[in-house]
Amino acid sequence: MQHRTLGTTGPRVSALGLGAMGMSALYGEADRAESIATIHAALDAGVTLIDTGDFYGMGHNELLIGEALRTAGEPARAKALTSVKFGALRDPDGGWSGYDGRPAAVKNFAAYSLQRLGVDHIDIYRIARVDPDVPIEETVGAIAELVQAGHVRHIGLSEVGADTLRRAAAVAPISDLQIEYSLISRGIEDRILPTARELGIGVTAYGVLSRGLISGHFERDRQLGAGDFRGMSPRFQGENLQRNLDLVDALRKVAEGKGASVAQTAIAWVLAQGEDIVPLVGARRRDRLTEALGALDLTLDAADLAAIEEAVPAGAAAGARYPDSQMAHLDSER
Ligand SMILES: NC(=O)c1ccc[n+]([C@@H]2O[C@H](COP(=O)([O-])OP(=O)(O)OC[C@H]3O[C@@H](n4cnc5c(N)ncnc54)[C@H](OP(=O)(O)O)[C@@H]3O)[C@@H](O)[C@H]2O)c1
C-alpha cells in the first residue's frame with residue numbers, strides 16, 4: 001500500500017481511504033454482511049483511513065464500522081484510523097434539520113461517536129458543515145480541547161472555503177480538509193486548494209467518482225430508490241445525466257487505451273493532482289473496492305492527463321453538485 005501524509009501536522013494514511021457512508025445511507029440498499037466484508041478487505045489490503053459521519057444512518061454507520069473493527073484481524077485493525085464528521089442534525093423521519101457546532105454539542109457528539117465506534121479516540125474529527133450561528137473558531141476550539149484530553153488526535157474540516165480554512169488554522173493545527181474533488185467537480189482548484197497548500201493542510205477528496213456517476217457503472221436508464229441522494233442531485237437529472245454520461249463515454253476511450261477501467265482512471269486522476277490529496281472511495285462491495293485499489297497501480301503521464309482533460313474539460317459537468325437547498329450550507333461555495 002502506498003501512503004500519503006495529511007498536511008504538515010496530520011497522520012500518515014493509506015493513499016486511498018474508504019468512505020463508508022453508502023453502507024448505511026443515501027446510495028440505496030446496502031448489504032450489511034457485504035459492507036463488513038468490504039471494510040475487512042480494505043483493512044487487509046492496507047487501507048488505514050475509514051471515513052464516516054455520526055449522521056450517516058443516524059449512528060448506523062458508526063455501529064457498522066465499530067463491528068467491523070471489532071471483528072477485523074490484527075494487525076490491520078490496529079492500523080485503522082477513523083475520520084468522523086459530526087454536526088448534522090436529523091429528525092426521526094430521516095430529515096435534515098440544520099447543523100450544530102456549539103462547543104457543548106461538539107463534545108456530546110464525540111462522546112456518542114466514541115461509544116458507537118468502540119474506540120478510545122477518534123483519529124480525525126470535523127464538523128460536516130459550518131454552523132452559521134457559531135464562529136468556526138469556537139467549534140474548532142472545542143475539538144482542540146478534545147485533542148488535549150486525548151479523545152481526538154487531529155482536527156479536520158469539511159466543505160469550507162479559503163477564508164474559513166485560514167480562521168480555523170489560526171486556532172489549532174488542521175490536518176485535512178474533506179471536500180468534493182473529481183474530474184467533474186474542480187471548484188477547489190482556484191482558491192481553496194492553493195490556500196490549503198499554503199497553510200499545510202491536506203485534502204481528503206470525496207466524490208472522486210461523483211457518487212458513481214463517473215464510475216463507468218452508472219447506466220443511462222438506472223432507476224433510483226426513495227431516499228437515494230442522487231434522486232435529488234442536479235447532475236443525475238434528465239438531460240444533465242445524459243450529458244454527464246457522454247463525458248464518461250469520452251473518458252472510457254482514454255481508460256481503455258490505458259487498459260484501465262473508467263473508475264480507476266477517475267481515481268488515478270485525483271491521485272495525480274498532488275501528494276497532499278487522499279481520495280476517499282465509496283466502495284460498498286468487495287469487487288468495487290478491488291477495482292478502486294487498482295487505481296494505485298495506474299500511472300498517468302502528462303499525455304494521459306492531457307487526453308483526460310480533453311475528454312472531460314474543467315467545468316464540463318451539467319448541473320450543480322448539490323441541490324440548491326444544500327448548496328446554501330456549503331461555506332466552500334461562497
Ligand atoms: N464531507 C462531505 O461533505 C462528504 C459528502 C459525501 C461523502 N463523503 C465521504 O466520502 C465517501 C465517499 O463517498 P462518495 O460519494 O464520495 O463516493 P464515490 O466514490 O464518489 O461514489 C461511490 C459510489 O460509486 C459507485 N461505484 C462504482 N464503482 C465503484 C468503485 N470501483 N469504487 C467505489 N465506488 C464505486 C458505488 O455505487 P454501487 O455500490 O452502487 O456500485 C458507490 O455507491 C463517503 O462514504 C463519505 O465518507 C463526505
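As the structure lists them, so they are numbered: ligands from 1, and atoms in each ligand from 1. Since we're looking at a predicted model, the values are computed, not measured.
Nearest to atom 25 (C) of ligand 1 among the protein's heavy atoms is G212 CA, 3.7 Å. In this structure, atom 20 (O) of ligand 1 lies nearest to the protein heavy atom R211 N, 2.9 Å. The nearest heavy-atom contact from the protein to atom 26 (N) of ligand 1 is S215 CB, 4.0 Å. With respect to atom 43 (O) of ligand 1, the closest heavy atom belonging to the protein is Y27 CD1, 3.3 Å. Regarding atom 32 (N) of ligand 1, its nearest protein heavy-atom neighbour is R288 O, 3.4 Å. At the top of the distance list for atom 16 (O) of ligand 1, counting protein heavy atoms only, stands G207 N, 2.4 Å. Protein heavy atom at the shortest distance from atom 42 (C) of ligand 1 is G282 O, 3.4 Å.
Salt-bridge formation is detected for the pair R334/D331: a Lys NZ or Arg NE/NH1/NH2 atom is positioned less than 4.0 Å from an Asp or Glu carboxylate oxygen. Taking a cutoff of 4.0 Å between a charged side-chain nitrogen and a carboxylate oxygen, R220 and D246 qualify as a salt bridge. Salt bridge absent: R102 and D133 never bring a charged side-chain N and a carboxylate O closer than 4.0 Å. One finds no salt bridge joining R211 and D228 here, because no Lys/Arg side-chain nitrogen approaches an Asp/Glu carboxylate oxygen to under 4.0 Å.
With a 4.0 Å heavy-atom cut-off, ligand 1 is reached by the side chain of S158 but not by its N, CA, C or O. When non-hydrogen atoms are compared, ligand 1 lies under 4.0 Å from neither the backbone nor the side chain of S182. No part of E180 comes within 4.0 Å of ligand 1, judged by heavy-atom distances. Contacts of A128 with ligand 1, taken as heavy-atom pairs under 4.0 Å, are absent altogether. Using a 4.0 Å cut-off between heavy atoms, H329 makes no contact with ligand 1 at all. Within the 4.0 Å heavy-atom criterion, the part of H217 lying near ligand 1 is the side chain and not the backbone. Residue Y206 touches ligand 1 through backbone and side chain together, judged by heavy-atom distances below 4.0 Å.
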Begin from the C-alpha positions of D176 and T204 and carry the test side-chain hydrogen bond (donor to acceptor under 3.5 Å, both in side chains) through to its verdict.
CA-CA 6 Å; D176 66 296; T204 41; 2.6 Å; yes
Practice problem: Apply side-chain contact (heavy atoms from CB on, under 4.5 Å) to the pair L213 and F236, showing each step before the final yes or no. | Solution: CA-CA 8 Å; L213 179 59; F236 289 81; 3.4 Å; yes
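Within the 4.0 Å heavy-atom shell around ligand 1 one does not find Y181. Heavy atoms of Y56 approach ligand 1 to within less than 4.0 angstrom. Residue-ligand proximity: R222 is placed with a non-hydrogen atom under 4.0 Å from ligand 1.
Between V281 and ligand 1, not a single N/O pair is under 3.5 Å apart.
Note that CD1 of I267 is 10.0 Å distant from CG of L298, once rounded to the nearest 0.5 Å. Summarising the geometry, atom CG belonging to L177 is positioned 7.5 Å from atom CD belonging to E159; distances are rounded to the nearest 0.5 Å.
Across L26, T38, D51, L49, heavy-atom proximity to atom 47 (O) of ligand 1 is greatest for D51. The closest non-hydrogen atom to atom 39 (O) of ligand 1, taken over E291, R126, R321, R284, comes from R284.
Those atoms of ligand 1 with a heavy atom of R129 less than 4.0 angstrom away are 2 (C), 3 (O). Residue A283 has at least one heavy-atom neighbour below 4.0 Å for each of these atoms of ligand 1: 33 (C), 34 (N).
Heavy atoms only, all atoms of each residue included: I192 and L165 are closest at O-CD1, 3.9 Å. For the residue pair R284 and G28, the shortest heavy atom distance occurs at NH1-O, 3.5 Å.
Note: Y322 and F229 have perpendicular aromatic rings, judged against thresholds of 30 and 60 degrees for the angle between ring planes.
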